[in-house]
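Down below is the structure, laid out as C-alpha cells.
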Amino acid sequence: MGLESKLPGFMMSTVERMLRWARKNSMWPMPFGTACCAIEMMSALSSRYDLARFGAEVIRFSPRQSDVLIVSGRISIKMMPVLQKIYLQMPEPKWVISMGACASCGGVFDTYTLIQGVDRFIPVDVYIPGCPPRPENLVDALIEIQKKIDEGKPIETPA
Amino acid sequence: MSREPDAARARAREIALRVGNRFVEAAVLVGEAGGTTTMTVPRDHAIPILEALRVAGFDYLVDVTAHDTLKLEEPGEERFCVHWIVHAYGLDARIHVRAWVPEDDPRVETASVLWKAALWGERECYDMYGIEFDGHPDLRRILMPEDFGAFPLRKDYPLKGRGERDNFPVITRDKA
C-alpha cells in the first residue's frame, strides 16, 4: 500500500522533466583521484556516508560510461593532458566536480609542476573547498549538480 | 660487532681513510657531516673509489643526488656537487662520497656498473640538475615530462616555473 494507490493510474509529465529526473538520480561518477582528497571520496562512497543514497553508487573507471568527473587531488603538468583526454572521452551530458583546494586553485603547491586550478583548462561545474573536504561536502556537491540538472541547465556554466 | 652509532661511525671512518690512502693522487678528503663520514673526491676518481668501497663491504647504494651551490653563502669549489651515499649492511656503516662538478661541463661517470640502484637515481639527478652520467645506458628524464625544457632544482630556475604549468589547450563547453 504505497503512494501509487492514491494516484489515478497514470501521470502526466513532459519528456524533458522525465529525462532530468532520470539523469539527476543516476549520476555515475568517474573518479580521478590523485591525492588525499581521493581518500575522502572513497569514504563518501562507502557505507558511512553512502553516496548511493543519491544515485551515484556506480563508480565507472571508464570515462565512456560516466556522467560526472570528480577531480579529487592535485593535478601535475604531466597529468593534465591525461585529465583532458578523459574529460573529452566522457559522453554528453557531463559534469565536473573540482574537489578540494588543489584541484580548484593549486592549494599550497604554488610550484612549477602544479596546475593552478583545473578550471583553467577544463570546464568545472561545482567546486568543493577544503583540504581535504569532508565526505559531506562531496555529497553536497553532488546534490548541487542534481539541483542544476533539475533547473534544466545541465551544461550552461562558464567554462 | 657493536651496533653503537659511535662505533659504526668509527668503522666507516677507518674504511674511508684506508680507501682514501690507496688513492694518493686523488687527495681524498675524509670528514664528517651531520654524523656521517664523508669523502670528498675528484670526479675522475669517484668511480674507482666507489668500487673500492663496494669491495670493502659497502653493498648498498642509498642514493645518487646532487646539490647546487649557486645561492649558498659559502660557495663550493664548483657549482654542483654530486653525492653518492653508500651503506654497508654487514658493517652497519655509511659513507657519503661527494665530488664537485663544474657548471660548464656537468658530467661524471655512471655508478650503475657497480650498483644497479644507480640507474634511477642518476636519471633523477639528470632530470633535476642536468648532470650527465657518462656510460648510463638510458639517461632520460624520469619525473618531469619528456619535453620539459629546464632542470628545475637548479637554483636559477624560478619556483613557479617558466610558464610550463600555464601552457595547455583550454577545453570549453563548446569544444568538448
Side-chain angles (χ1 to χ4, degrees), chain A residues 30 32 34 63-64 66-69 71 74-98 102-126 145 148-149 153-159, chain B residues 63-72 79-81 103 106 119-133 136 138-176:
Chain A
M30 159 82 213
F32 199 89
T34 49
R64 305 265 187 218
S66 51
D67 305 301
V68 53
L69 175 65
V71 185
R74 58 193 108 84
I75 301 297
S76 67
I77 55 173
K78 219 171 169 180
M79 208 59 178
M80 196 64 211
V82 181
L83 180 64
Q84 286 191 325
K85 187 158 217 168
I86 284 185
Y87 177 74
L88 289 174
Q89 282 176 341
M90 288 169 66
E92 292 284 357
K94 54 188 170 188
W95 294 268
V96 179
I97 295 176
S98 166
C102 296
S104 302
C105 68
V108 296
F109 304 104
D110 190 5
T111 65
Y112 57 97
T113 44
L114 222 80
I115 301 295
Q116 303 296 298
V118 293
D119 58 343
R120 302 179 70 180
F121 304 113
I122 61 170
V124 171
D125 295 278
V126 177
I145 285 189
K148 280 191 174 191
I149 298 171
K153 41 179 183 179
I155 46 175
E156 282 178 4
T157 42
Chain B
D63 201 4
V64 186
T65 185
H67 81 266
D68 182 358
T69 60
L70 186 65
K71 291 185 181 170
L72 289 184
R79 179 168 168 191
F80 297 108
C81 181
E103 182 180 357
L119 287 170
W120 281 6
E122 286 175 357
R123 276 180 69 184
E124 184 181 356
C125 192
Y126 165 71
D127 196 356
M128 293 293 149
Y129 296 97
I131 290 163
E132 299 192 9
F133 291 84
H136 190 289
D138 185 25
L139 195 66
R140 284 179 296 134
R141 287 187 180 274
I142 191 169
L143 294 170
M144 303 307 294
E146 281 170 30
D147 57 353
F148 197 78
F151 301 112
L153 286 194
R154 287 191 175 185
K155 293 300 171 192
D156 50 2
Y157 182 80
L159 175 64
K160 294 179 186 179
R162 297 192 178 123
E164 294 92 347
R165 66 185 186 183
D166 305 316
N167 193 18
F168 288 94
V170 178
I171 297 177
T172 58
R173 292 279 177 208
D174 315 333
K175 282 194 218 160

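Quick caveat, the model's predicted, so the values are computed rather than measured. Throughout, protein chains are lettered first and strands after them, A, B, ... in sequence-line order, and every chain is numbered starting at 1.
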Please confirm whether the backbone N or O of [Y] pairs with a side-chain atom of [X], one donor and one acceptor, at under 3.5 Å?
X	Y	answer
Gln116(A)	Asp166(B)	no
Lys160(B)	Asp110(A)	no
Arg165(B)	Ile77(A)	no

**Q.** Stepwise side chain to side chain contact (heavy atoms under 4.5 Å, CB included) test for Ile171(B) and Tyr87(A)
**A.** CA-CA 9 Å; Ile171(B) 297 177; Tyr87(A) 177 74; 3.9 Å; yes
(Q) So which atom in Gln84(A) and which in Pro169(B) form the shortest heavy-atom distance, rounded to 0.1 Å? (A)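 Closest approach of Gln84(A) to Pro169(B), heavy atoms only: NE2-O, 2.6 Å.
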Q) What residue in Gly163(B), Pro158(B), Pro152(B), Gly161(B) has the most heavy-atom pairs under 4.5 Å with chain A? A)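 Result: the option with the highest number of such pairs is Pro152(B).
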(Q) Does the plane of the ring in Tyr112(A) sit parallel, tilted or perpendicular to the ring in Phe148(B)? Use 30° and 60° as the thresholds. (A)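 Tilted, since the angle between the ring planes falls between 30° and 60°.
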Q | Set of residues satisfying salt bridge (charged side-chain N to carboxylate O under 4.0 Å, His left out) with respect to Asp156(B), sequence neighbours excluded | A |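 Arg79(B).
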Q: Could you grab the distance from atom OG of Ser76(A) to atom CE of Met144(B), nearest 0.5 Å is fine?
A: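 That separation rounds to 8.0 Å.
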Q. For the atom pair CG (Asn167(B)) and CZ (Phe121(A)), what is the distance rounded to the nearest 0.5 Å?
A.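 CZ of Phe121(A) is found 8.0 Å from CG of Asn167(B).
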Q. Thinking salt bridges, do Asp147(B) and Lys78(A) make one under a 4.0 Å N-O criterion?
A.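 The answer is no: the pair does not qualify as a salt bridge.
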